[in-house]
There are 2 protein chains.
Amino acid sequence: MNRPTLRDVAQAAGVHPATVSRALNPQTRQLVNADTAQRVLRTARSLGYRPNPFARTLKTARSATVGLVIPDLTNPLFPPIVRGLEDVLGTAGYGVWVVNTDNDEQREAAAIESLRARNVDGYVLATARLNHPLIDELAAENVPVLLVNRRTERADIPSVTPDDASGVALAMRHLVELGHRRIVHLAGPQSLSTGYQRLRAFRYALHDHGLPDAPELVVECESFTEDAGAKAVQRLLDDDVEFTAVLAGNDLLAVGCYDALEERGLSCPADVSVVGFNDTRFMDKLHPPLTTVRIPHYDIGAEAARLLLEGLNQPQRHARSVLLPLSLVVRASTAPPAPRTRAT
Amino acid sequence: MNRPTLRDVAQAAGVHPATVSRALNPQTRQLVNADTAQRVLRTARSLGYRPNPFARTLKTARSATVGLVIPDLTNPLFPPIVRGLEDVLGTAGYGVWVVNTDNDEQREAAAIESLRARNVDGYVLATARLNHPLIDELAAENVPVLLVNRRTERADIPSVTPDDASGVALAMRHLVELGHRRIVHLAGPQSLSTGYQRLRAFRYALHDHGLPDAPELVVECESFTEDAGAKAVQRLLDDDVEFTAVLAGNDLLAVGCYDALEERGLSCPADVSVVGFNDTRFMDKLHPPLTTVRIPHYDIGAEAARLLLEGLNQPQRHARSVLLPLSLVVRASTAPPAPRTRAT
DNA sequence: ACCAAGACTACAAACGATTGTATTCAGACG
DNA sequence: CGTCTGAATACAATCGTTTGTAGTCTTGGT
């Protein structure tokens with residue numbers, strides 16, 4: 001009546017459970033007579049046999065399960081990453097536990113602890129903190145660890161990250177070609193790896209184009225939110241900083257920038273060009289549609305899965321990291337600067 | 001060296017493993033001497049003991065795990081639902097397996113099969129199909145099943161759904177009070193429960209307000225997408241149907257409507273008022289900001305978790321369903337109709 | 001001083017798979 | 001005809017818990 005077990009199949013097929021186990025496992029099938037194997041396969045199917053993953057894991061000590069740690073699933077960045085990861089890990093027979101940390105140290109510790117309790121075979125860390133003791137702690141457990149969206153100093157930990165630097169370069173080239181010379185960067189929090197990387201890339205780009213690295217052209221926002229973006233631009237305007245273009249650390253900051261501009265009666269792109277980062281959904285429906293750097297989130301997840309699988313299958317393999325190329329989506333928020341700098 | 005087991009703790013504490021097991025389980029702790037329990041607790045902690053969930057599940061046949069079936073995590077509807085569910089199930093000690101079906105029958109079957117293989121203790125079904133043999137199949141397995149976002153004829157299956165009917169009523173009342181009499185409904189696919197429910201509610205509202213139920217005022221879109229919404233409105237305009245307001249089946253259709261309106265040189269809300277459904281993120285950044293019906297997605301997930309827990313803890317309990325109230329978020333896409341119907 | 005009752009704790013059998021080793025058996029060979 | 005070999009299968013231990021039952025030891029009542 002209950003779910004059939006290996007012994008049930010064995011009994012029905014008239015063989016020993018061990019034989020059924022080997023017949024059912026493609027790896028060991030050649031150890032059993034071909035006819036017997038066929039018979040076992042058939043009776044297993046006819047009984048509707050499904051192996052009990054818990055018994056198997058108990059015996060083999062591998063759970064066919066990996067843990068994914070993200071700040072917040074509700075952040076539109078992550079769902080595509082999660083899907084990419086699940087899609088490729090799923091076809092490899094792995095399940096994924098997703099835990100949210102809300103960027104809270106306590107919750108993060110609890111989340112990781114829950115993954116440990118569940119005996120995951122590997123970890124994917126997509127939280128934003130730049131450095132973290134947990135990374136070392138996990139790596140010491142001799143379980144594959146993979147970083148997403150950020151890197152660490154430790155070169156032995158593989159990671160998959162968007163190539164923020166070249167994304168910023170793309171955006172800057174676009175603005176410079178349009179004729180902009182005074183470009184503001186709305187930098188994200190410098191404690192977050194994306195915030196940090198993009199600001200650095202911004203400075204490099206300035207240098208590459210022979211533009212001055214004026215300190216007033218960089219505002220560090222305390223968070224990646226619309227509010228922070230709006231406040232930053234308001235401050236810029238209040239301080240009479242001259243600029244004709246804004247490179248926002250991400251789309252949310254760009255949206256905040258839109259708000260501040262509108263509030264001050266400035267028009268985009270006539271007065272100020274704006275470019276975002278991420279190509280979040282609906283950015284093409286903004287007014288004007290936002291020019292932004294697109295990040296292949298799904299591919300990031302998928303690539304992370306592939307790298308993790310490598311680590312799972314051949315633990316001794318040399319750690320490998322990948323950098324994913326980005327592209328610039330030019331829409332209507334960028335245009336040549338007005339002939340004269342706007343009146344202050 | 002390896003992760004400590006119950007026997008290790010037992011040995012270290014000088015007691016039998018069974019005693020450790022009972023001491024560690026709050027349910028059975030009173031069976032063991034208080035001092036012994038304390039000692040066991042301490043040595044367990046000092047050894048860093050973590051119970052092996054697989055061994056436990058193998059023995060108890062309960063996996064402390066539930067399966068959540070959704071169409072696509074990438075649809076902004078679902079992340080908050082998932083988080084709501086995970087947050088409350090998580091504190092109750094349950095893990096959640098999330099599987100995506102992409103509204104594909106095959107993938108759905110495979111997804112459910114994978115959940116079965118993992119011995120989940122309960123299912124939450126949030127897929128859109130109106131009726132489904134799987135529902136009966138699962139219910140027959142004597143495992144709690146909970147429906148989210150849709151209901152079925154079977155009254156014995158609990159569900160948590162947004163109160164679409166009253167949401168539609170809210171929106172309609174708003175439009176009617178503004179003075180609109182010819183209101184179009186961009187209906188979603190009638191094979192989806194949300195599409196179906198909202199259209200029905202639309203008709204009721206028409207009746208309640210004494211408005212004629214003119215067939216040309218309802219367009220069924222073949223999917224909940226911007227394209228479909230745009231096409232529907234184009235057709236309406238091509239057919240010279242007169243209307244001053246649009247109630248879209250969801251926000252995406254409303255966005256499509258915006259596109260079509262703009263393309264034809266009509267302005268919202270001056271020429272046509274638009275109201276959406278869901279209050280998807282960034283709907284407040286549209287131009288104009290969209291008036292829409294807000295659905296408490298996170299609460300839906302949380303409530304679903306609570307109901308499922310009830311089913312898990314007391315299987316004989318009578319099935320209970322809940323309907324969550326919605327609210328109307330009035331923004332700038334709705335206004336009184338122009339004095340005269342727009343020229344055709 | 002003996003016995004019953006209780007309070008603890010130990011024993012041992014599961015749960016359902018995997019896997020190293022032992023067994024069986026048929027055929028080959030000297 | 002006995003021995004050996006190798007293929008195929010059976011046996012049995014094991015993974016780490018949980019839990020019914022049996023055992024031990026106090027304690028108190030008579």
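Here is how names work: the chains are called A, B, and so on, in the same order as the sequence lines, proteins then strands, and each is numbered from 1. Please read all numbers here as calculations on a predicted model, not as lab measurements.
With hydrogens and angles left out, the side-chain atoms of B/N52 and B/R3 include no donor and acceptor closer than 3.5 Å.
Counting non-hydrogen atoms under 4.0 angstrom, A/S21 reaches a base of the nucleic acid. When heavy atoms are screened at a 4.0 angstrom cut-off, A/T36 is found touching the sugar-phosphate backbone but no base atom. When heavy atoms are screened at a 4.0 angstrom cut-off, B/P51 is found touching the sugar-phosphate backbone but no base atom.
Heavy-atom distances to DNA chain C give each of B/T19 and B/L58 a nearest nucleotide, and the one nearer the 5′ end belongs to B/T19. In this structure, B/R50 and B/R22 both approach DNA chain D, and ranking their closest nucleotides by distance from the 5' end singles out B/R50. If B/G14 and B/T60 are placed on DNA chain C by their nearest nucleotide, the residue sitting closer to the 5' end is B/G14.
Distance, A/N33 CG to D/dA8 C1': 7 Å, rounded to whole Å. If you take CG of A/N52 and P of D/dC15, they are 18 Å apart, rounded to a whole angstrom. Remark: P of D/dT9 and CD of A/Q38 are 13 Å apart, rounded to the nearest angstrom. Remark: P of D/dT24 and NE2 of B/H16 are 14 Å apart, rounded to the nearest angstrom. As a whole-Å value, the separation of A/R29 CZ from C/dT18 P is 12 Å. Atoms CZ (A/F54) and C1' (C/dA14) sit 18 Å apart, rounded to a whole Å. As a whole-Å value, the separation of A/L31 CG from D/dT9 C1' is 11 Å. At whole-Å resolution of the value, CZ in B/R39 and C1' in C/dT9 are 11 Å apart.
By the 4.5 Å heavy-atom criterion applied to side chains, A/S46 and A/R42 are not counted as neighbours.
Salt bridge status for B/D72 with A/R83: present, with a side-chain N to carboxylate O gap under 4.0 Å. Between B/D102 and B/R107, at least one side-chain N (NZ, or NE/NH1/NH2) sits under 4.0 Å from a carboxylate O, which counts as a salt bridge.
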- Query: A/L73 and A/I70: side-chain contact (heavy atoms from CB on, under 4.5 Å), yes or no, with the steps?
  - Reply: CA-CA 7 Å; A/L73 185 64; A/I70 59 178; 3.9 Å; yes
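With D/dA12, C/dA17, C/dC11 as the choices, the nucleotide that has an atom nearest any side-chain atom of A/R56 turns out to be C/dA17. Closest to the side chain of A/A18, from the set D/dA12, C/dT9, C/dC11, is D/dA12.
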